[in-house]
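Report on one structure; see the data block that follows.
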There are 2 protein chains.
Amino acid sequence: MSDDSPFRPAGSTSELEEGLALTPKFDAEGLVTAVATDAASGEVLMVAHMNAQALAKTIASGEAWFYSRSRRALWKKGETSGHTQRVVEMRIDCDQDAVWIKVEQVGGACHTGRRSCFYRTVPLGKPGAVTLEFVGERVFDPKAVYGKR
Amino acid sequence: MSDDSPFRPAGSTSELEEGLALTPKFDAEGLVTAVATDAASGEVLMVAHMNAQALAKTIASGEAWFYSRSRRALWKKGETSGHTQRVVEMRIDCDQDAVWIKVEQVGGACHTGRRSCFYRTVPLGKPGAVTLEFVGERVFDPKAVYGKR
């Protein structure tokens with residue numbers, strides 16, 4: 001972790017699991033997993049990552065910030081698209097390496113234009129090659145929002 | 001990935017995002033992130049990981065299998081505790097590096113005895129040191145289920 005993390009280092013297992021202090025257990029890349037669900041429907045909207053700075057900014061502002069591993073950059077959700085996430089509730093898991101945020105999602109969470117990134121189901125009970133089924137409709141045109149990619 | 005993966009290698013971005021083939025984008029450790037939610041309440045129960053074998057077994061059996069990074073082992077959820085997860089629906093995300101399973105959870109998902117691993121909230125709007133709030137009650141006694149640890 002960088003020296004400017006506002007969080008104390010992760011403690012013992014019992015401190016992590018039963019303690020009152022938020023001491024996130026960041027991985028070797030300085031990240032925790034973040035799951036965003038729709039505060040109204042409960043649908044999982046996206047899975048992303050937060051570094052210490054993204055987590056601190058999300059806690060302080062109540063708006064979702066993440067860290068992009070591919071772009072190696074802090075980003076505020078919706079900064080380009082306008083599709084921001086207001087955080088209604090945040091929870092931390094037992095070993096403090098994952099956060100769950102319940103959000104009010106403006107527009108769509110997924111850069112492909114869907115409300116949720118999880119717009120395809122995986123049929124069960126069929127070993128071998130699996131054909132996905134689309135279940136999520138586009139709620140915006142990604143070309144119009146992000147430009148030609 | 002190991003040679004015995006039943007999945008084809010991940011394709012191009014457009015194949016991953018708009019294709020009908022399940023071609024998971026496993027990370028350097030051969031894992032995808034797995035989020036389990038309660039099929040009835042929508043609550044996030046746990047965040048874990050699946051390797052190709054765990055994912056294939058989950059798809060074939062409809063019971064949740066994961067891969068433990070700390071134990072470096074495939075495990076069937078509930079194999080020790082009896083707290084299995086029957087998968088009602090599985091979804092894959094846009095870039096196929098995360099799966100969402102909606103499950104019928106027997107007992108509790110968390111090894112600490114709670115229904116969900118996310119049993120503490122993080123207060124928002126309070127920068128700096130954060131005091132967690134417990135919201136999830138124990139539904140089983142972990143010492144009775146797992147023995148003294």
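A note on names: the letters A, B, ... follow the listed sequences, proteins ahead of strands, and every chain is numbered from 1.
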query: Does A:S68 use its side chain to pair, donor to acceptor, with the backbone of A:A73 at less than 3.5 Å?
result: no
message: So which residue, B:C110, B:G125, B:S41, ends up with the most heavy-atom pairs under 4.5 Å with chain A?
response: B:G125
message: Would you say that A:E137 contacts A:R114 through its side chain, given a criterion of any heavy-atom pair below 4.5 Å between the two side chains?
response: no
field: Side-chain (B:K25) to main-chain (B:L16) donor-acceptor, under 3.5 angstrom
entry: no
- request: Heavy-atom distances under 4.5 Å only: say whether B:T13 touches chain A with side chain, backbone, both or neither.
  value: neither
message: Heavy-atom cut-off 4.5 Å, strictly under: side chain, backbone, both or neither for B:R8 against chain A?
response: neither
statement: Given B:D97, B:V47, B:I92, the one with more heavy-atom pairs under 4.5 angstrom with chain A than any other is B:I92
task: Check each atom of A:V87 against the heavy atoms of chain B and say whether the ones under 4.5 Å are side chain, backbone, both or neither.
output: both
message: Can you tell me which of A:S116, A:G19, A:G62 forms the most heavy-atom pairs within a distance under 4.5 Å of chain B?
response: A:G19
statement: Most contact-rich option vs chain B, by heavy-atom pairs under 4.5 angstrom, among A:I101, A:V122, A:T23, is A:V122
query: Would a distance-only check, ignoring hydrogens and angles, find a side-chain to backbone donor-acceptor pair under 3.5 Å from B:R91 to A:T121?
result: no
message: At a heavy-atom distance under 4.5 Å, which candidate from B:G42, B:C117, B:A60 has the highest pair count against chain A?
response: B:C117
message: For a 4.5 angstrom cut-off between non-hydrogen side-chain atoms, does A:Q96 reach B:R120?
response: yes
Shortest non-hydrogen contact between B:P6 and B:A56, atoms and distance: CG-CB, 3.6 Å
message: If I measure from the heavy atoms of chain A, does B:T33 come under 4.5 Å with its side chain, its backbone, both, or neither?
response: side chain
- request: Report yes if the side chains of A:H111 and A:P142 come closer than 4.5 Å at any heavy-atom pair, otherwise no.
  value: no
field: Heavy-atom neighbours of A:R138 CZ exceed 12 at 6.0 Å
entry: yes
message: So for B:E18, is it side chain, backbone, both, or neither that comes closer than 4.5 Å to the heavy atoms of chain A?
response: both
- prompt: chain A heavy atoms under 4.5 Å from B:V130: which part of the residue, side chain, backbone, both or neither?
  reply: both
Contacting moiety of B:V99, where chain A heavy atoms sit under 4.5 Å: backbone
task: Give, as side chain, backbone, both or neither, the part of A:T37 having an atom under 4.5 angstrom from any heavy atom of chain B.
output: side chain
Salt bridge flag under 4.0 Å for residues B:D38 and B:R115: yes
message: For chain B, which candidate among A:V135, A:L132, A:T58, A:T131 shows the most heavy-atom pairs at distances under 4.5 Å?
response: A:L132
